[in-house]
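Structure, as structure tokens:
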Amino acid sequence: MPELPEVETIRRSLTPYIVGKRIADVEVYERRFRQRIQRDLEARLRGRSFRRIERRGKYLLFVLDDRQCLLLHLGMSGSLEIRRARDPVVRHDHVRVRLDGRRVLVFNDPRRFGLLRVGNRRELHELDRVGLDPLDDDWSAEQLRRLARGRRRPIKNVLMDQRLLAGIGNIYANEILYQAGIRPTRRAGSLRRRELEALATATVTVLGRAVDLGGSSISDYVDGEGQPGNFQLHFAVYDRYRQPCQQCATPIRRIVLGGRSTFYCPRCQR
DNA sequence: ATATGCACCTGTGTGC
DNA sequence: TGCACACAGGTGCATA
């Protein structure tokens, strides 16, 4: 579910509830994830305080006061929400972090594709493999050119490769390519300088706009306060198979690329 | 280097 | 109603 804009929205919405707060207690109800939740996760968290929340691509990093960090990935269906400590535990609530007082941070994940792990930064090697963040200040067409040069893969696959660019998933790859007027199947290495510039710009504008709108809520995504996002109201192509392109009215096409549904306008994207 | 398929899971929508 | 099936925001691995 969550891509960069949703993860960033969650990060921002949780920050005021989390930063400076002490962890009064931790309850784990389910450890069977793709990567099993550590046996001593509760012990490592209990009594610690949160310094800040960082984001790297689709990962959230909760920095604690003892050089340890809680690394979290929401996978396909994960959510993080602040609730009242007395609220009932519901289906697929797997971890509850009780903050002092009446609040609790709840990790809920029906499909259990998420990841939750405590360690110091060098132990969290998942982060070694995440690429450039397109919302960082140093992101540029020049950077994108380096990533695309010589590659024969479709540009959409390059955008979604987390080792190259961090944070872009299926929704935003489709939307960014539409905004840039580039067909998802184009070989990355074949893009002209002007196209790469348009693509680098589209990356920033689309992701930025999505963050401003609180991300996309298709069926179930909500931020840390339970609020849905609104970017789904502005999809140009994603999930719009056969619907008219908003610029030229040509029906949107759907193909499969890298096993993922891919949507584009055959007229506006060349 | 790259492409494909599958595995990991549950939930939802569709057609019969 | 029930059932089978396709598909879903992600990632990692095995195989070609």
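In what follows, chains are A, B, ... by sequence order, proteins preceding strands, each numbered from 1.
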In the structure shown, which nucleotide is the Watson-Crick or G-U wobble counterpart of B/dA7, with both distances under 3.5 Å?
C/dT11
Which nucleotide, if any, forms a Watson-Crick or G-U wobble pair with C/dA4, using both distances under 3.5 Å?
B/dT14
Atom [atom1] of [X] and atom [atom2] of [N]: how far apart are they, to the nearest Å?
| X | N | atom1 | atom2 | value |
| --- | --- | --- | --- | --- |
| A/Arg152 | B/dT4 | CZ | P | 14 Å |
| A/Leu164 | B/dT2 | CG | P | 9 Å |
| A/Gln162 | C/dG12 | CD | P | 9 Å |
| A/Arg36 | B/dC8 | CZ | P | 16 Å |
| A/Asp161 | B/dT4 | CG | C1' | 15 Å |
| A/Tyr59 | C/dG12 | OH | C1' | 10 Å |
| A/Leu74 | C/dA8 | CG | C1' | 16 Å |
| A/Arg56 | C/dT11 | CZ | P | 14 Å |

Distance (rounded to the nearest 0.5 Å) between A/Thr9 OG1 and A/Gln227 CD
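One finds 11.5 Å between OG1 of A/Thr9 and CD of A/Gln227.
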Check every strand shown and say whether [X] touches a base, only sugar-phosphate, or nothing at a heavy-atom separation below 4.0 Å.
| X | result |
| --- | --- |
| A/Pro5 | nothing |
| A/Arg91 | sugar-phosphate |
| A/Asp220 | base |
| A/Phe231 | nothing |
| A/Arg112 | sugar-phosphate |
| A/Arg151 | sugar-phosphate |
| A/Ser216 | base |
| A/Glu6 | nothing |

According to a strict under-4.0 Å criterion, is [X] in side-chain N/O contact with OP1 or OP2 of [N]?
| X | N | answer |
| --- | --- | --- |
| A/His73 | C/dG10 | no |
| A/Arg34 | B/dC9 | no |
| A/His92 | B/dC9 | no |
| A/Ser261 | C/dC7 | no |
| A/Arg129 | C/dG12 | yes |
| A/Lys58 | C/dG9 | no |
| A/Arg32 | B/dC8 | no |

Below 6.0 angstrom between ring centroids: does that apply to A/Tyr172 and A/Phe231?
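For A/Tyr172 and A/Phe231, the ring centres are under 6.0 Å apart.
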What residue among A/Arg183, A/Lys156, A/Arg186 forms side-chain contact (heavy atoms from CB on, under 4.5 Å) with A/Leu177?
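When A/Arg183, A/Lys156, A/Arg186 are each tested with A/Leu177, the side-chain contact (heavy atoms from CB on, under 4.5 Å) holds only for A/Lys156.
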Here's a test for you: under side-chain contact (heavy atoms from CB on, under 4.5 Å), which of A/Asp109, A/Val97, A/Leu72, A/Val95 qualifies with A/Leu80?
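The single option meeting the side-chain contact (heavy atoms from CB on, under 4.5 Å) with A/Leu80 is A/Leu72.
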Ignoring hydrogens and angles, state whether a donor on the side chain of A/Gln68 or A/Arg48 is under 3.5 Å from an acceptor on the partner side chain.
no
Between B/dG5 and C/dA6, how far apart are the P atoms? Round to whole Å, please.
14 Å
P atoms of C/dC5 and B/dC6, separation to the nearest Å
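Straight-line distance between the two P atoms is 15 Å.
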Are more than 12 heavy atoms, taken from residues, nucleotides or ligands other than A/Arg46, located less than 6.0 Å from that residue's CZ atom?
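Atom CZ in A/Arg46 is crowded, with more than 12 foreign heavy atoms closer than 6.0 Å.
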Is there, by distance only and without an angle test, a donor paired with an acceptor across the side chain of A/Arg111 and the base of C/dA8 below 3.5 Å?
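It does, because a donor-acceptor pair links the side chain of A/Arg111 to the base of C/dA8 below 3.5 Å.
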Checking only heavy atoms, does the side chain of A/Ser219 share a donor-acceptor pair with the base of B/dG11 at less than 3.5 Å?
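Check fails, no donor-acceptor contact within cut-off.
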A/Phe113-C/dG10 aromatic stacking (under 5.5 Å, under 30°)
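Per 5.5 Å and 30° rule: yes, stacked.
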From the candidates C/dA8, C/dG12, B/dA3, the one with an atom nearest any side-chain atom of A/Asn157 is B/dA3
Between the side chains of A/Arg51 and A/Asp65, is the shortest nitrogen-to-carboxylate-oxygen separation below 4.0 Å, so that they form an ion pair?
no
